[in-house]
Amino acid sequence: MRTTVGIVGGGPAGLLLARLLHNAGIDCVVLESRDRSYVEGRQRAGILEQGTVEVLRECGAGARMDREGLVHEGIELRFDRRAHRVDFPALTGGRTVMVYAQTEVVKDLIALRLADNAPLLFEARVSGISGADTDQPVVHFTHQGREHTLTCDYVVGCDGFHGVARAAVPEAVRRTYERTYPYSWLGVLADVPPSCDELIYAHSPRGFALHSMRSRTVSRLYLQVPNGADPADWPDERVWDELDQRFAVDGDWTLERGPITAKSVLPMRSFVTEPMRYGRVFLAGDAAHIVPPTGAKGLNLAVADVVVLARALVHRYATGATDLLDAYSDTCLRRVWRAEHFSYSMTTTLHTDPEQSEFDTRLQLAQLDRIASATTAAAELAENYTGLPIG
Ligand code: FAD
Ligand code: DHB
């Protein structure tokens, strides 16, 4: 098999890249190891930056998002039993975010690709990439019990943190930067209308909690839990009781309870691999970097990477020039490190480290109070949350 751009992984990064290239008339093949229903059902991110929303609209994947997504103009911070709203449009010159689940973005992109009759192979597991430093890199994969090769002009690894594409960058060239955190998130989905109009990020003496949503009828909630926590130790009543305590605030507030339909524990990690390109192999999204979820940057970073890459590939095929491809890694990494910093600081300001001293807690509260009282500090949060410019 031969194609122009071989895409390893059919998550949001791979599927969006395929859409952008298809619209520009560049052939590509997407190889995804899982089946369609698994990929469409995998519960992950829920918040789209304004730039992500615009990209999805411009590439023709925004119709259902615009019908069903919820535009949010702020978030609430809770700490010290106080509530403070961060008003995004007022602080950023009009920017907002959209609540629209990653599962739905993925479903929309898959439907478009299949409607275009463009190649997207499910249950096609890539085992490796050879010839990264040649003009004809080759992707090796298994599909329907048989081994295949896909010869390409360029290969893009969009295969997530546990993928194989990263290994195409030789160890002698690769640098990795990593941080783990001494806590995880227990995430639950509940069939109950959200108890708030906007997301609530809560700092509390019992640890962090986040109230998010998937729609007007489905709530998504997260609780900081110790690493290694087992969802089986968290029966529904315990989850709701703990959330009640962490969201406690002076004044009127009721957390509505409802049937919990999914429960899982997510580890937290910061990770960056550099460079994001070796020869004719490029890395995009979680294959190249991971952020802890606080602040909802992961999916949005993946989108920004593939927008930069699609632009560079279109430029390459329109003009023959490789300058934008050559700049890809540096262009992306600048934004990646900014998002790493934002996600790290949101995480460490809002969570309770098991080793935390009273002094550390006072520092966290001072920082939250600063955001609540100084427009400059609130604007810094709002600009990062709604998304920095792409590229
Ligand atoms: P992925 O979505 O991981 O897609 C990679 C794809 O490659 C997958 O479909 C995988 O099956 C496929 N693949 C892997 N190996 C191979 C192979 N060898 N051959 C072929 N295909 C392969 N972000 C937030 O902002 N908020 C959240 O609440 C949040 N929750 C998360 C929860 C979890 C459990 C995880 C893992 C991530 C979460 N994220 C969250 C991060 C966000 O979902 C990711 O940043 C986003 O999915 C990145 O998209 P991607 O396409 O780069 O990678
Ligand atoms: C969600 C996840 C996040 O990490 C976040 O900061 C906000 C919302 C979510 O899954 O809805």
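Count residues from 1 along the sequence. First listed ligand is number 1; within each ligand, the first listed atom is number 1.
- Close approach of ligand 2 to Gly46 (heavy-atom distance below 4.0 Å) involves ligand atoms 9 (C), 10 (O), 11 (O).
- The nearest protein atom to atom 7 (C) of ligand 2, hydrogens excluded, is given as Tyr201 OH, 3.1 Å; this is a heavy-atom distance.
- Checked by distance only, ligand 2 and Pro293 come closer than 3.5 Å through their nitrogen or oxygen atoms.
- The nearest pair of heavy atoms linking Gly10 to Val39 is O-CG1, 3.5 Å.
- Closest approach of Thr349 to Gln367, counting heavy atoms only: CG2-CG, 4.0 Å.
- Those atoms of ligand 2 with a heavy atom of Gly295 less than 4.0 angstrom away are 6 (O).
- Residue Arg216 qualifies as open at atom CZ: its count of foreign heavy atoms under 6.0 Å is 12 or below.
- Using a 3.5 Å distance cut-off with no hydrogens or angles, the side chains of Tyr154 and Arg316 do pair a donor with an acceptor.
- With ligand atoms numbered from 1 in the order given, ligand 1 contributes 25 (O) to contacts under 4.0 Å with heavy atoms of Ala296.
- Nearest protein neighbour of atom 34 (C) of ligand 1, counting heavy atoms only, is Leu266 CD2, 3.7 Å.
- Residue contact annotation: Trp185 has no non-hydrogen atom under 4.0 Å from ligand 1.
- Each of the following atoms of ligand 1 lies closer than 4.0 Å to a heavy atom of Gly298: 25 (O), 45 (O).
- A donor and an acceptor atom, one from each side chain of Arg214 and Gln43, are located under 3.5 Å apart.
- Nearest protein heavy-atom contact of atom 43 (O) of ligand 1 is Gln102 OE1, 2.8 Å.
- For atom 40 (C) of ligand 1, the nearest non-hydrogen atom from the set Ala288, Ala287, Ala45, Gly160 belongs to Ala45.
- Residue Arg34 approaches ligand 1 through these ligand atoms, each under 4.0 Å from one of its heavy atoms: 11 (O).
- Here the protein heavy atom with the shortest distance to atom 5 (C) of ligand 1 is Cys158 O, 3.3 Å.
- Contact between Met346 and ligand 2 is absent, with no heavy atom of the residue lying under 4.0 Å from the ligand.
- Look at Ala124 and you'll find a heavy atom under 4.0 Å from some atom of ligand 1.
- For ligand 2 and Arg44, the ligand atoms under 4.0 Å from any heavy atom of the residue are 10 (O).
- For atom 20 (C) of ligand 1, the candidate residues are Gly295, Ser33, Ser212; the nearest heavy-atom contact is made by Ser33.
- Counting only non-hydrogen atoms, the option in Ile7, Val8, Val126, Leu301 that gets closest to atom 18 (N) of ligand 1 is Val126.
- Of all the atoms in ligand 2, the ones that sit under 4.0 Å from a non-hydrogen atom of Leu199 are 7 (C), 8 (C).
- Minimum interatomic distance between Pro292 and Met268 (heavy atoms only, all atoms of both residues): CB-CE, 4.0 Å.
- Using cut-offs of 30° and 60° for the angle between ring planes, the Tyr222 and Trp185 rings count as tilted.
- Of the options Leu309, Thr273, Asp305, a side-chain contact (heavy atoms from CB on, under 4.5 Å) to Leu283 is made by Thr273 and by none of the others.
- Of all protein heavy atoms, the one closest to atom 14 (C) of ligand 1 is Asp159 O, 3.1 Å.
- Near Gly11, meaning under 4.0 Å from any of its heavy atoms, are these atoms of ligand 1: 4 (O), 6 (C), 9 (O), 51 (O).
- Residue contacts with ligand 2: Arg214 is placed with a nitrogen or oxygen under 3.5 Å of a nitrogen or oxygen of the ligand (distance criterion only).
- An N or O contact shorter than 3.5 Å links Ala13 to ligand 1 by distance.
- In this structure, Leu112 is not a member of the same hydrophobic cluster as Met65, with clusters built from ILVMFWY side-chain heavy atoms closer than 4.5 Å.
- No side-chain N or O of Trp240 forms a donor-acceptor pair with one of Gln245 less than 3.5 Å apart.
- Arg277 and Asp326 are joined by a salt bridge, as a carboxylate oxygen and a charged side-chain nitrogen come within less than 4.0 angstrom of each other.
- Short contacts between ligand 1 and Lys297, defined as distances under 4.0 Å to a heavy atom of the residue, involve ligand atoms 25 (O).
- Electrostatic pairing of Glu340 and Arg338 does not count as a salt bridge here, judged by no charged N lying under 4.0 Å from a carboxylate O.
- Nearest heavy atoms, Ala18 versus Cys28: CA-SG, 3.7 Å.
- Residue Ala296 has at least one N or O atom closer than 3.5 Å to an N or O atom of ligand 2.
- Considering only non-hydrogen atoms, atom 30 (N) of ligand 1 lies nearest to Arg44 out of Glu32, Met268, Arg44, Arg42.
- Between Val39 and ligand 1, a contact under 3.5 Å exists for no N or O pair.
- Taking atom 45 (O) of ligand 1 as the reference point, the nearest protein heavy-atom neighbour is Asp286 OD1, 2.7 Å.
- For ligand 2, the atoms closer than 4.0 angstrom to any heavy atom of Ile47 are 7 (C), 8 (C).
- Nearest to atom 49 (O) of ligand 1 by heavy-atom distance, out of Gly9, Gly285, Pro12, is Pro12.
- Ranking protein heavy atoms by distance to atom 1 (C) of ligand 2, first place goes to Tyr222 CE1, 3.9 Å.
- Surrounding CG of Asp241 are more than 12 heavy atoms belonging to other residues, nucleotides or ligands, all under 6.0 Å away.
- Note: His211 and Phe247 have tilted aromatic rings, judged against thresholds of 30 and 60 degrees for the angle between ring planes.
- Listed by first then second residue, pairs satisfying salt bridge (Lys or Arg N to Asp or Glu O under 4.0 Å) with a partner in residues 127-153 read Arg2-Asp153, Asp135-Arg280, not counting sequence neighbours.
- Each of the atoms 28 (O) of ligand 1 lies under 4.0 Å from some heavy atom of Tyr222.
- Between Met213 and Pro194, the shortest heavy-atom contact is CB-CG, 3.5 Å.
- Salt-bridge annotation for Arg85 and Asp87: present, with a side-chain N of the basic residue lying under 4.0 Å from a carboxylate O of the acidic one.
- Heavy atoms of Leu31 found under 4.0 angstrom from ligand 1 belong exclusively to the backbone.
- The list of salt bridge (Lys or Arg N to Asp or Glu O under 4.0 Å) pairs with a residue in residues 102-114, not counting sequence neighbours, reads Arg64-Glu104, Arg64-Asp108, Glu104-Lys107.
- If you number the atoms of ligand 2 from 1 as listed, the ones under 4.0 Å from a heavy atom of Trp185 come out as 4 (O).
- Atom 11 (O) of ligand 2 has Ser212 OG, 2.6 Å as its closest protein atom, hydrogens excluded (heavy atom only).
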